[in-house]
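This report refers to the structure that appears directly beneath it.
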Amino acid sequence: MATKAQKNLIEDLVRHYRDSMPEFKTFASVLRTQVLGSPELRKHIRFVRVRVKDPDHLRDKLYRKLDEGADKGKGFKYSKKNLFVKINDLAGLRIIHLHTQQIIPIRDGLRTLFEEERYRVVEGPTARIWDEEYKRFFKDAGIATKTGKTLYTSVHYVLK
């Protein structure tokens, strides 16, 4: 159970995020434009969606982090200064393609784009897979894997 001070902190963090949402929306929209502007990428992409985390979902996540920290005997170490580093899914770009093998040219195109635009990849690419048979394919492609619970495969990058 959260204390009043913890509840106030979480509300303050959500408010901080809400105030910063235009920057996250802009970043995701610019990245979408850059991805779709790349002829190398566009020919492999079915469509692209932009998502910015709903503030209520951030609140729920922060309460889960608070509970996890309490269960593990660790504190809740989130502040306005580190929120956007510790929570790395506040904005996202979903690139949908039809065939698993297309991830190779998409990976290469993204690598080129990230280098040209000087985006720093802080995590990934990591494939979340449900079918263990794909593990070898991604390993050969130089993409780490994690087995997930959903029945679809996704590849994740975290950018700064």
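Note that the structure is a prediction, hence the values are computed from the model and not measured.
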Looking at every heavy atom in both [X] and [Y], which two are closest together, and how far apart are they?
{"X": "Leu13", "Y": "Ser79", "result": "CD2-C, 3.4 Å"}
{"X": "Gly92", "Y": "Ala28", "result": "O-CB, 4.4 Å"}
{"X": "Leu41", "Y": "Pro105", "result": "CD2-O, 4.4 Å"}
{"X": "Pro55", "Y": "Met21", "result": "CG-SD, 3.6 Å"}

>> Enumerate the salt bridge (charged side-chain N to carboxylate O under 4.0 Å, His left out) contacts for residues 5-16, please, sequence neighbours excluded, ordered by first and then second residue.
In response: Glu11-Arg59, Asp12-Arg15, Asp12-Lys80

>> Apply side-chain contact (heavy atoms from CB on, under 4.5 Å) to residues Gln34 and Leu31 and explain how you reach the verdict.
In response: CA-CA 5 Å; Gln34 292 168 330; Leu31 183 57; 3.8 Å; yes

How long is the gap from [atom1] on [X] to [atom2] on [Y], to the nearest 0.5 Å?
{"X": "Lys25", "Y": "Ser20", "atom1": "NZ", "atom2": "OG", "result": "12.0 Å"}
{"X": "His44", "Y": "His97", "atom1": "NE2", "atom2": "NE2", "result": "10.5 Å"}
{"X": "Lys160", "Y": "Asn88", "atom1": "NZ", "atom2": "CG", "result": "12.5 Å"}
{"X": "Lys65", "Y": "Tyr78", "atom1": "NZ", "atom2": "OH", "result": "4.5 Å"}
{"X": "Arg32", "Y": "Leu93", "atom1": "CZ", "atom2": "CG", "result": "8.0 Å"}
{"X": "Thr126", "Y": "Ile143", "atom1": "OG1", "atom2": "CD1", "result": "9.0 Å"}

Side chain to side chain, [X] and [Y], heavy atoms closer than 4.5 Å:
{"X": "Arg128", "Y": "Thr150", "answer": "no"}
{"X": "Leu58", "Y": "Leu90", "answer": "yes"}
{"X": "Val35", "Y": "Leu110", "answer": "yes"}
{"X": "Phe84", "Y": "His16", "answer": "yes"}
{"X": "Val121", "Y": "Leu159", "answer": "yes"}
{"X": "Phe137", "Y": "Ile104", "answer": "yes"}
{"X": "Arg51", "Y": "Arg94", "answer": "no"}
{"X": "Lys61", "Y": "Lys53", "answer": "yes"}

> With sequence neighbours excluded, what pairs up with Phe138 under the ring pair (Phe, Tyr, Trp, His ring centres under 6.0 Å) test?
Replying inline: none

> How about Tyr119 and Tyr157: are their ring centroids closer than 6.0 Å?
Replying inline: no

For residues [X] and [Y]: do they belong to one hydrophobic cluster (side chain heavy atoms under 4.5 Å, members Ile, Leu, Val, Met, Phe, Trp, Tyr)?
{"X": "Leu9", "Y": "Leu66", "answer": "yes"}
{"X": "Ile103", "Y": "Leu36", "answer": "yes"}
{"X": "Val50", "Y": "Ile45", "answer": "yes"}

> Of all residues at least two apart in sequence or in a different chain, which pass the salt bridge (Lys or Arg N to Asp or Glu O under 4.0 Å) check with Arg111?
Replying inline: Asp108

Considering residues, nucleotides and ligands other than [X], do more than 12 of their heavy atoms fall under 6.0 Å from its [atom1]?
{"X": "Glu132", "atom1": "CD", "result": "yes"}
{"X": "Lys86", "atom1": "NZ", "result": "yes"}
{"X": "Tyr134", "atom1": "OH", "result": "no"}

>> As a quick check of understanding, evaluate side-chain contact (heavy atoms from CB on, under 4.5 Å) for Ile95 and Val155, giving each step before the final call.
In response: CA-CA 9 Å; Ile95 298 173; Val155 177; over 6 Å; no

